[in-house]
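Report on one structure; see the data block that follows.
Remember, predicted model here, so these are calculated numbers, not experimental data. Computed over heavy atoms, backbone and side chain alike; hydrogens, waters and symmetry mates excluded. In what follows, residues are counted from 1 in the order of the sequence shown.
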Amino acid sequence: MEINELSTRARKIRTAYHELEIKQDGQPWSTEQDALAFLTDAGLVGRLVMAKQGSWPTNDHEFSLDYKIAESIWWLSALADANDIDLDAALESFLRSREQHLE
């Protein structure tokens, strides 16, 4: 999947969730709440990696590692969109700077 397709699909899903949040809470989540939700999922990625490596005991198989990594990418796309960041350009710039740093 291309980054632009990810961004478009993520935006549509986030918009649908905002509608659910309005029904539930009377208002959509703020960008700060979205960031906290991302951090929660990122923490779960860490725990799932630890569990996969055998260093975190778990019987909870509610979410798989691949699911939570994908959800974290989705959150990052939504956060980029909410902050007017072109995810494709940001990734290109970051990767180029790291490649140049390592030359």
Pairwise salt bridge (Lys or Arg N to Asp or Glu O under 4.0 Å) hits with a residue in residues 16-28, at least two apart: Arg14-Glu21
Pair listing, side chain to side chain donor-acceptor pair (under 3.5 Å) test, anchored in residues 78-91, at least two apart: Arg11-Asp81
Side-chain donor-acceptor contacts of residues 66-73 below 3.5 Å, not counting sequence neighbours, with atom names and distances?
residue : atom : partner : partner atom : Å
Asp66   : OD1  : Ser64   : OG           : 2.4
Lys68   : NZ   : Asp41   : OD1          : 2.7
Lys68   : NZ   : Glu71   : OE1          : 2.6
Ser72   : OG   : Lys68   : O            : 2.9

Return all side-chain donor-acceptor pairs below 3.5 angstrom for residues 89-103, not counting sequence neighbours, or 'none' if the list is empty.
residue : atom : partner : partner atom : Å
Ser97   : OG   : Phe94   : O            : 2.8

Approximate separation, where rounding is to 0.5 Å, of Ile13 CD1 and Thr8 OG1: 11.0 Å
Modelled atom types, side-chain donor and acceptor of Ser55 and Gln53, under 3.5 Å: no
For Glu5, all residues meeting salt bridge (charged side-chain N to carboxylate O under 4.0 Å, His left out), sequence neighbours excluded: Arg9
Residues in side chain to side chain donor-acceptor pair (under 3.5 Å) contact with Arg47, at least two apart in sequence or another chain: none
Under the side-chain contact (heavy atoms from CB on, under 4.5 Å) test, residues paired with Ala35 that sit two or more places apart: Leu79
Residue pairs passing the ring pair (Phe, Tyr, Trp, His ring centres under 6.0 Å) test where at least one lies in residues 4-59, sequence neighbours excluded: Tyr17-Trp74
Members sharing Leu44's hydrophobic cluster (side chains within less than 4.5 Å): none
